Protein chains: 2
Amino acid sequence: MIPENETIDFIEKGHKEFLHHLSIDCVLFGYHEHQLKVLLLKWKESDKWSLAGGFIKLEENLSEAATRILKERTGLDEIFLQQFQTFGEPKRSHRSKADIDHLETITKGSVPADHWLLKRTVSIGYYAVTEYSKVNPHPDPLSDKCEWWEIDSVPKLIFDHNFILAEALKALRMQIYHQPIGYNLLPEKFTLPEIHDLYETILGKELDRRNFAKKLISLGLIKKLNERRSIGAHRSPFLYKFDKRKYDKALKDGIILAF
Amino acid sequence: MIPENETIDFIEKGHKEFLHHLSIDCVLFGYHEHQLKVLLLKWKESDKWSLAGGFIKLEENLSEAATRILKERTGLDEIFLQQFQTFGEPKRSHRSKADIDHLETITKGSVPADHWLLKRTVSIGYYAVTEYSKVNPHPDPLSDKCEWWEIDSVPKLIFDHNFILAEALKALRMQIYHQPIGYNLLPEKFTLPEIHDLYETILGKELDRRNFAKKLISLGLIKKLNERRSIGAHRSPFLYKFDKRKYDKALKDGIILAF
DNA sequence: GCAAAAGTGTTTACCATACACCCATGG
DNA sequence: CCATGGGTGTATGGTAAACACTTTTGC
């Protein structure tokens with residue numbers, strides 16, 4: 001829980017610390033057991049949910065800002081963030097009377113119409129994917145909950161955040177066709193069923209096990225080890241690991257993965 | 001030529017009309033006779049060149065702003081603009097002493113350090129492609145020239161504009177693999193050699209004529225007409241036109257064009 | 001021995017690629 | 001008739017896609 005005075009400080013003094021008119025929204029996807037989730041925050045004393053967002057410090061890089069925002073929410077700082085689109089409809093961040101009342105309740109004071117949090121805001125969208133059990137969600141100063149939601153049952157979000165989420169998912173799925181994914185998302189040694197499940201979950205569709213494995217192996221992205229994982233009452237699958245060299249090259253140069 | 005007082009108005013009063021800290025840079029590619037060009041502006045009383053840029057009005061959409069900026073430079077308003085990346089290094093728009101002197105020369109007055117044009121600026125990048133003979137280049141208030149440059153001989157540009165240009169070209173070439181291009185770039189009826197040349201020029205490489213035509217036809221993107229164009233001393237090529245239905249569907253859903 | 005999951009190989013069909021010769025036109 | 005550019009078809013190879021049976025493991 002964030003201390004009350006930190007919240008008030010943020011509302012009252014943030015205008016000196018952050019760039020006006022600009023924000024960053026991070027769509028953090030969490031992968032876990034064949035489910036794709038997204039990290040959402042609930043506003044204090046309101047039942048509105050939002051993406052993990054924040055502002056850019058006066059002398060801060062965009063990607064640094066996005067990294068900092070996600071770190072504040074999750075504790076993680078080794079996340080592969082991807083800028084995907086900037087959202088700037090003049091009305092996108094329009095605040096209702098209820099939102100202003102809400103801020104006034106928190107600060108126990110009056111909030112002027114030209115308050116920095118009420119200005120038109122252009123938001124730069126970033127997305128990232130993480131193994132969600134690694135994350136320790138922390139609310140931000142304006143929120144009292146920070147939780148994972150299943151991608152298919154996300155509620156109505158504030159502003160245009162449902163749209164931003166949809167665009168992020170589109171961008172992520174598009175990216176998967178040109179760059180590998182999985183490093184930092186899977187354990188160092190993983191099984192074919194594990195990486196197969198990861199791809200199926202992100203793409204939201206079934207992929208033929210045999211063809212899938214054949215492709216990753218023939219591209220040289222993963223290498224079979226001489227070890228197996230014991231998974232209880234079933235045949236023990238072999239372990240694989242990424243060929244970091246080829247993986248990084250594929251990240252940089254792009255590949256064609258026609259799943 | 002822009003009247004002198006318009007320039008001074010822009011410098012002195014722009015802060016009331018535009019969002020601070022934000023700008024738009026447009027990379028306008030011009031296609032003409034197997035050459036790819038880009039529209040650049042030269043700053044007044046300086047030999048620095050830049051991309052076509054501008055600011056966002058207080059109540060204006062991002063894409064409207066980009067369209068307006070390009071229209072001001074080119075007279076065109078039916079351009080297919082594509083947002084591709086947002087650039088926000090804190091130092092990217094750093095102004096040198098010479099730049100400040102330059103503004104002071106134009107306004108014939110002193111420019112305070114916190115002047116709106118000197119603030120840190122995050123720039124939203126858009127690119128577009130046009131047939132360059134349709135364009136009537138007009139300088140902006142800070143520039144005295146607006147000209148096409150060949151993509152391979154672009155000079156050193158201000159700020160990070162060379163980088164923005166390189167990223168725009170990468171994004172354009174990537175997009176060509178997923179979306180068709182040519183509508184509004186070619187005449188309504190065009191020949192196979194014409195569209196073939198367009199693709200070769202944009203991609204910067206040779207494409208087999210026969211395979212190229214086969215692909216566009218088999219995807220149904222273009223349809224052969226029962227007319228030919230007379231091109232002088234050679235065999236008259238057939239005319240084709242886009243199947244707008246399929247073209248738009250391909251724009252929307254994406255296709256795979258592995259050239 | 002049975003249920004559940006993992007491992008593996010072959011065939012097919014399509015498509016990308018490479019490649020060369022003939023035709024039309026105006027001068 | 002010649003120079004220039006346009007039009008067209010085929011053969012090949014690679015690979016994505018479809019598909020099913022066997023093996024392992026713990027209970």
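Computed from a predicted model, the values in this text were never measured in an experiment. Numbered from 1 within each chain, the chains take letters A, B, ... in sequence-line order.
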Taking only residues two or more places apart in sequence, or in another chain, which ones meet B:K42 in a side chain to side chain contact (heavy atoms under 4.5 Å, CB included)? B:W49, B:D144, B:K145
Using atom names, set out every protein N or O paired with an N or O of nucleotides 10-12 of chain D below 3.5 Å, distance rounded to 0.1 Å.
from	atom 1	to	atom 2	distance (Å)
D:dT10	O4	B:K214	NZ	2.8

Contact check, residues 190-208 of chain A vs DNA chain D, heavy-atom distance under 4.0 Å, returns A:D208
B:R229 has an atom CZ; how far is it from atom P of D:dG7, in whole Å? 11 Å
Strictly distance-based, threshold 3.5 Å: is any side-chain N or O of A:S218 a donor or acceptor partner for the main-chain N or O of A:K214? yes
Counting primed atoms plus P, OP1 and OP2 as sugar-phosphate and everything else as base, spell out the protein contacts along nucleotides 22-27 of chain C at 4.0 Å heavy-atom distance: B, S or - for each nucleotide, 5' to 3'. -BBBS-
Between A:I217 (CD1) and D:dT15 (P), how many Å, whole number? 15 Å
Can you list the residues that meet the side chain to side chain contact (heavy atoms under 4.5 Å, CB included) rule with A:D160, with sequence neighbours excluded? A:F87, A:R92, A:F163, A:I164
Could you list the residues that satisfy side chain to side chain contact (heavy atoms under 4.5 Å, CB included) with A:D208, not counting sequence neighbours? A:R210, A:N211
What's the NZ-P distance between B:K224 and D:dG6, to the nearest Å? 14 Å
Can you run down the salt bridge (Lys or Arg N to Asp or Glu O under 4.0 Å) pairs that involve residues 191-207 of chain B, sequence neighbours left out, and say none if there aren't any? B:E194-B:R229
Counterpart residues, side chain to side chain contact (heavy atoms under 4.5 Å, CB included), relative to B:S236 (two or more places apart): B:R228
Sequence neighbours excluded, which residues qualify as ring pair (Phe, Tyr, Trp, His ring centres under 6.0 Å) partners of B:F80? none
Base of C:dG7 paired with side chain of A:R210 (donor-acceptor, under 3.5 Å): no
Roughly, in whole Å, what's the span from NZ in B:K215 to P in C:dC14? 17 Å
Check the distance between D:dG7's P and B:I222's CD1 and give it to me in whole angstrom. 11 Å
Whole angstroms only, please: what is the CG-C1' distance between A:L257 and D:dT15? 14 Å
Test of understanding: with side-chain hydrogen bond (donor to acceptor under 3.5 Å, both in side chains), list the residues that count as partners of A:H234, not counting sequence neighbours. none
For B:Y132, the ring pair (Phe, Tyr, Trp, His ring centres under 6.0 Å) test, sequence neighbours excluded, returns B:H32, B:W148
Partner residues of A:D47 under the side-chain hydrogen bond (donor to acceptor under 3.5 Å, both in side chains) criterion, sequence neighbours left out: none
Rounded distance (Å) that lies between atom P of C:dT17 and atom CZ of B:R209: 17 Å
Using 4.0 Å as the upper bound for N to carboxylate O, is an ion pair formed by B:D248 and B:K244? yes
